[in-house]
2 protein chains.
Amino acid sequence: MELKRREEDYLEAIYEISKRKGKARTTDLAEYLGIKPASVTEMLQKLAAKGLLEYHRYSGVVLSKKGEEVALSVRERHDTIRELLKYLQVPPDIAQRDACIMEHNLSPITIIQLKKFINFIKNCPKNAPIWLEHFKKYSETGEFDCGEECEKI
Amino acid sequence: MELKRREEDYLEAIYEISKRKGKARTTDLAEYLGIKPASVTEMLQKLAAKGLLEYHRYSGVVLSKKGEEVALSVRERHDTIRELLKYLQVPPDIAQRDACIMEHNLSPITIIQLKKFINFIKNCPKNAPIWLEHFKKYSETGEFDCGEECEKI
DNA sequence: TTACAAGTTTAGGCATACCAAAATATTTAT
DNA sequence: ATAAATATTTTGGTATGCCTAAACTTGTAA
């Protein structure tokens, strides 16, 4: 069953809140998502009907196995994007927000490439590769002031 | 006035079609966007009311100055993202599609950083930087088979 | 020139996702 | 235990953006 981006948002939010509080309540979710409780109730009932969570009126909500799988996969995409943006020197709060926008609908192939790029940076034999340092400097100053060694980059 | 993502899509589409045909007709747009003509008419009337294009029934449509400015800025974001994905070794057709998804709503700061990163690659004194070649290889093989020189990357 | 084909618009409907206000349930404090 | 405060749900309504079917224009070919 194909999930809508907003459904993924809810599942992710429920996952994050449950991690801290054991279950997610309507008001928590409303605050987390920046919407009104009435809207949350409605969506929770829809997600329950799809078997993605356990819903009992007035009790808060817990993800089903299936729901948790979805939430984890969304979160993984989210983190991948956030990490990429971090390397591209996007400020953390903005990276966080923009990852929320991109985490849905991106092609799996794109996500795979982002991951590869991140691993390329992380696992480089010389860890923290020099060119990344150079990009950081370039990003701040607009200058390639790297002198001699630049020949090798 | 804050534009919706779908409105931006339409403006971009109108821009692209007008570039080739002088103006954009309802049917062209419907085909381009993969929707029915009736839906296009509706949106064109809305965009006309916002002063983003000239609409006269049965005549096709031309962007206003304001509309063209928006279209160009969307297209620029689109191209920036597409170029980044290209460097990350995402296949062109997928990069094209995913750029369409990301071109809306991304923070201007993120876009600026993407541009900086692209320029960092393009304008590197040693043009086509070695590390990018290495990433390409890594992306295909998963191996850092770069031997000696790797110390300097 | 008129009739028909192609293109466009209008009208009525649907799904999503939100909201405010009212109704209902639960929790807490006395 | 019960009233008041808090939380949740229901109800009815809105906006967006799509659809189909029917009505209307326009251009073209006989």
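So you know, we letter chains A, B, ... as the sequences are listed, proteins then strands, and number each from 1.
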Item to check | Euclidean distance, atom NZ of residue B:Lys46 to atom P of D:dC18 [Å, nearest integer] | outcome: 8 Å
Checklist entry - To the nearest angstrom, how far is A:Leu44 atom CG from C:dT16 atom P? => result 16 Å
Checklist entry - Nearest-Å distance, CG (B:Leu29) to P (D:dC18)? => result 12 Å
Checklist entry - According to the interplanar angle, ranging from 0 to 90°, do the rings of B:Trp131 and A:Phe117 count as parallel (below 30°), tilted (30 to 60°) or perpendicular (above 60°)? => result tilted
Next on the checklist: Measuring from the side chain of B:Pro37 (C-beta onward, heavy atoms only), which nucleotide among C:dC18, D:dG17, C:dT9 has the closest atom?
Outcome noted: C:dT9
Checklist entry - Looking at B:Thr41, does any N or O in its side chain come under 4.0 Å of the phosphate oxygens OP1/OP2 on C:dT9? => result yes
Item to check | B:Met43 CE - C:dT10 P separation (whole Å) | outcome: 16 Å
Checklist entry - Looking only at atom types and distance, does a side-chain atom of B:Ser59 sit under 3.5 Å from a main-chain N or O of B:Arg57, one as donor and one as acceptor? => result yes
Item to check | Between C:dA20 (P) and A:Lys36 (NZ): distance, integer Å | outcome: 5 Å
Item to check | Short side-chain N/O contact to C:dC18 OP1/OP2 from A:Tyr10, under 4.0 Å | outcome: yes
Checklist entry - So, is A:Arg5 close to the C:dT16 phosphate, meaning a side-chain N or O under 4.0 Å from OP1 or OP2? => result no
Item to check | Check: B:Tyr58 side chain, C:dT9 base, donor-acceptor under 3.5 Å | outcome: no
Checklist entry - Within the pair A:Thr26 and D:dA7, is there a side-chain N or O less than 4.0 Å away from OP1 or OP2? => result no
Checklist outcome for this item: In whole angstroms, the gap separating P of C:dA15 from CZ of B:Arg6 amounts to 20 Å
Next on the checklist: Tell me the interatomic distance from B:Glu42, atom CD, to C:dC14, atom P, rounded to whole angstroms.
Outcome noted: 15 Å
Checklist entry - When B:Tyr10 is tested against each of B:Leu53, B:Leu33, B:Leu3 for side-chain contact (heavy atoms from CB on, under 4.5 Å), which residue passes? => result B:Leu33
Checklist outcome for this item: Rounded to whole Å, CZ of B:Arg25 lies from C1' of D:dG27 at a distance of 12 Å
Checklist entry - Backbone N or O of B:Val62 within a donor-acceptor pair of the B:Lys23 side chain at under 3.5 Å? => result no
Next on the checklist: At 4.0 Å (heavy atoms only), tell me whether B:Gln45 reaches a base, stays on the sugar-phosphate, or touches nothing.
Outcome noted: sugar-phosphate
Checklist entry - With respect to the phosphate group of D:dT9, does any side-chain polar atom (N or O) of A:Tyr55 fall under 4.0 Å of OP1 or OP2? => result yes
Item to check | Selection from D:dA21, D:dC18, D:dT10 that lies nearest to any side-chain heavy atom of A:Arg57 | outcome: D:dT10
Checklist entry - Using 4.0 Å as the upper bound for N to carboxylate O, is an ion pair formed by A:Arg77 and A:Glu8? => result yes
